[in-house]
Amino acid sequence: MKGATAVIIHDTRRAKSGDKYPVKLRAIYNRVVKYYPTKYNLSKDDYAKLYEEKPDKKSKDIRDDLFKLLSKANDIIDKLPVFNFKIFANRLFKISTSKDDLIHAYNNYIGVLRLAGRISTAISYECSLKSLQKFKDSLKFEDITIEFLRDYEKWMLKEGNSLTTVGIYLRSLRSVYNESISDENISKESYPFGKRKYQIPTSRNTKKALLLSDIKKIYDYKPSPGSNIEMARDLWLFSYLCNGINIKDIARIKYKNIDGDYLTFLRAKTERATRSNPKPISIYLNDRAREIIKKWGNKRINADNYIFPIIEKGCTPENELRLIQQLIKTINKWMKFISEETKIEKVVTTYTARHSFSTVLKRSGASIEFISEALGHSNVRTTESYLDSFENESKKKYALTLTEFKNEIDEINQA
């Protein structure tokens, strides 16, 4: 059909991360413009390489992939008797036109997540869908009632899923439901979630924070120089010392993120959250953090170099996820060894570093607002869920204080 056009563009209006900008498919019809994500974020130089007469293999592969998407878009446009953006997007991402089919809605959303490079989130939704299909294979939105959700929750718990997993799967289901309402595919009149309806269960976080005495054991532990165990220990400490920075963000930080004594960056988790206007996290680099960078970091050739040799420039989202997950597995393996060697009772993982950082701040008297900003949270409620309870020694100290006060009252009464 005539009137609608599609083209691949480099959207340089706003950087996705560093000097990289998203590559998108742009569709125009009746002067209305819509942008659809691809899985690529490229620098201006890398994007220019796609159109060189003899591009390198990597650039050629990306170009071929993008041209395949463009060809599919044009084929959809040609076959539509009357152009419609929703139908176009549905077919572009292999989305079912059956508006009330929940399983297809799940697959649609998973496809969009993968196309946007949000691989980890897509995998989480795939797990949620697999669980839902195991409970009942064919589902429509009208099947998702309050009673259905209660039965599904009971079934998941009976199957051995933790309350945390149940919550994750049901929040994915709720998101898919909300997306379909937003797209006007289904009515919100029968919405089963919310107050006086079905409420997704929450679980209290297992206490993951370490005592300061345990952190000192890790700090003072002497592994073999240059060994994997030393690297694991140092990256764990780097996370703890740098506001509980997670491994994905450690992998992504570059030398240009260092300005004098401070490391400033946007969390990968929030950089796409344009609505919440994410603020950068600023961290003071103490001597130990600088030593770890010097010991394990890449050589600083230019400001755009990654600090640590975990991922490489141009790494696909799939490979990035694989490399980061492998590093997390390695760190957790050796931190378990260190905790056993040093007689630390709690399980020590990469997640423990973040919880320990926030809890140590709490114990030092820092305000929730300060801790929230340090962690890069959008609101203090998220921060509160991270905070551990006070150490038992602190509880003992306060309990003794109360006892001493009681004794004084007894003395007064006896007098």
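Contact record, E153 with V166: CG-CG1, 4.0 Å, taken as the closest heavy-atom pair. The heavy-atom pair separating T38 from V23 by the smallest distance is OG1-O, 2.6 Å. Scanning all heavy atoms of the two residues, the minimum distance from S239 to T350 falls at OG-O, 4.5 Å. When all heavy atoms of F141 and S180 are compared, the pair lying nearest together is CZ-OG, 3.1 Å. Pairing each heavy atom of M231 with each of L327, the nearest pair is CE-CD1, 4.1 Å. Looking at every heavy atom in both residues, W236 comes nearest to V348 through NE1-CG1, 3.7 Å.
Residues N332 and Y351 bring no donor and acceptor atom of their side chains to less than 3.5 Å of each other. A side-chain N or O of S128 and one of Y106 form a donor-acceptor pair less than 3.5 Å apart. For the residue pair T121 and S124, no side-chain donor N or O sits within less than 3.5 Å of a side-chain acceptor on the partner. Between the side chains of N161 and Y169, not a single donor N or O lies within less than 3.5 Å of an accepting N or O.
At distances below 3.5 Å, not a single donor-acceptor pair connects side-chain atoms of H10 with backbone N or O atoms of K44. One N or O on the side chain of N305 and one on the backbone of I301 form a donor-acceptor pair closer than 3.5 Å. In terms of modelled atom types and a separation under 3.5 Å, the side chain of R267 and the main chain of I281 share no donor-acceptor contact. One N or O on the side chain of S339 and one on the backbone of K336 form a donor-acceptor pair closer than 3.5 Å. Although no hydrogens or angles enter the test, the distance criterion places no donor-acceptor pair under 3.5 Å between the side chain of E159 and the main chain of W155.
Classified by interplanar angle (parallel below 30°, tilted 30° to 60°, perpendicular above 60°), the ring pair Y152/F135 is tilted.
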Margin query: For Y219 and Y240: C-alpha separation, side-chain torsions, deciding distance, then whether ring pair (Phe, Tyr, Trp, His ring centres under 6.0 Å) applies.
Written below: CA-CA 11 Å; Y219 201 88; Y240 169 72; 8.5 Å; no
Next item on the list: Step by step, work out the ring pair (Phe, Tyr, Trp, His ring centres under 6.0 Å) result for Y29 and F88.
Entry: CA-CA 11 Å; Y29 179 66; F88 172 74; over 10 Å; no
Item checked: Stepwise salt bridge (Lys or Arg N to Asp or Glu O under 4.0 Å) check, K68 with D64 -> CA-CA 6 Å; K68 187 184 295 184; D64 290 346; over 6 Å; no
Check: Should R174 and Y191 be marked as a side-chain contact (heavy atoms from CB on, under 4.5 Å) after you check the CA-CA gap, both sets of side-chain angles, and the distance that decides it?
Finding: CA-CA 9 Å; R174 184 178 62 188; Y191 190 66; 3.3 Å; yes
Check: Which is it for K49 and D46 under the salt bridge (Lys or Arg N to Asp or Glu O under 4.0 Å) test, yes or no, and what are the steps along the way?
Finding: CA-CA 5 Å; K49 289 179 183 178; D46 287 340; 3.7 Å; yes
Note to self: Under the criterion side-chain contact (heavy atoms from CB on, under 4.5 Å), I'd like the reasoning laid out for K39 against D65: C-alpha separation, chi angles, the key distance, then a yes or no.
What the structure shows: CA-CA 10 Å; K39 61 185 177 182; D65 197 24; 3.2 Å; yes
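Cation-pi contact between R233 and Y221: absent, since separation from the ring centre below 6.0 Å together with deviation from the ring axis within 45° is not met.
Between D234 and K295 there is a salt bridge, since at least one side-chain N of the basic residue sits less than 4.0 Å from a carboxylate O of the acidic one.
Here the OH-CG distance, from Y109 to L129, works out to 14.0 Å after rounding to the nearest 0.5 Å. Rounding to the nearest 0.5 angstrom, the gap separating the CG atom in D151 from the OG1 atom in T145 is 8.0 Å. One finds the OG1 atom of T330 at 12.0 Å from the CD1 atom of I229 (value rounded to the nearest 0.5 Å). Here the straight-line distance linking atom OH of Y177 with atom OG of S182 works out to 14.0 Å at 0.5 Å rounding. In this structure, CG in L211 is found 6.0 Å from NZ in K346, a value given to the nearest 0.5 Å. Here the straight-line distance linking atom CE of M156 with atom NZ of K154 works out to 12.5 Å at 0.5 Å rounding.
Considering only heavy atoms from C-beta on, V33 comes within 4.5 Å of R26 through its side chain.
Under the rule for a side-chain contact (heavy atoms from CB on, under 4.5 Å), the partners of S282 that lie at least two apart in sequence or sit in another chain are Y262, T264. Residues satisfying the side chain to side chain donor-acceptor pair (under 3.5 Å) test with Y47, not counting sequence neighbours, are Y51.
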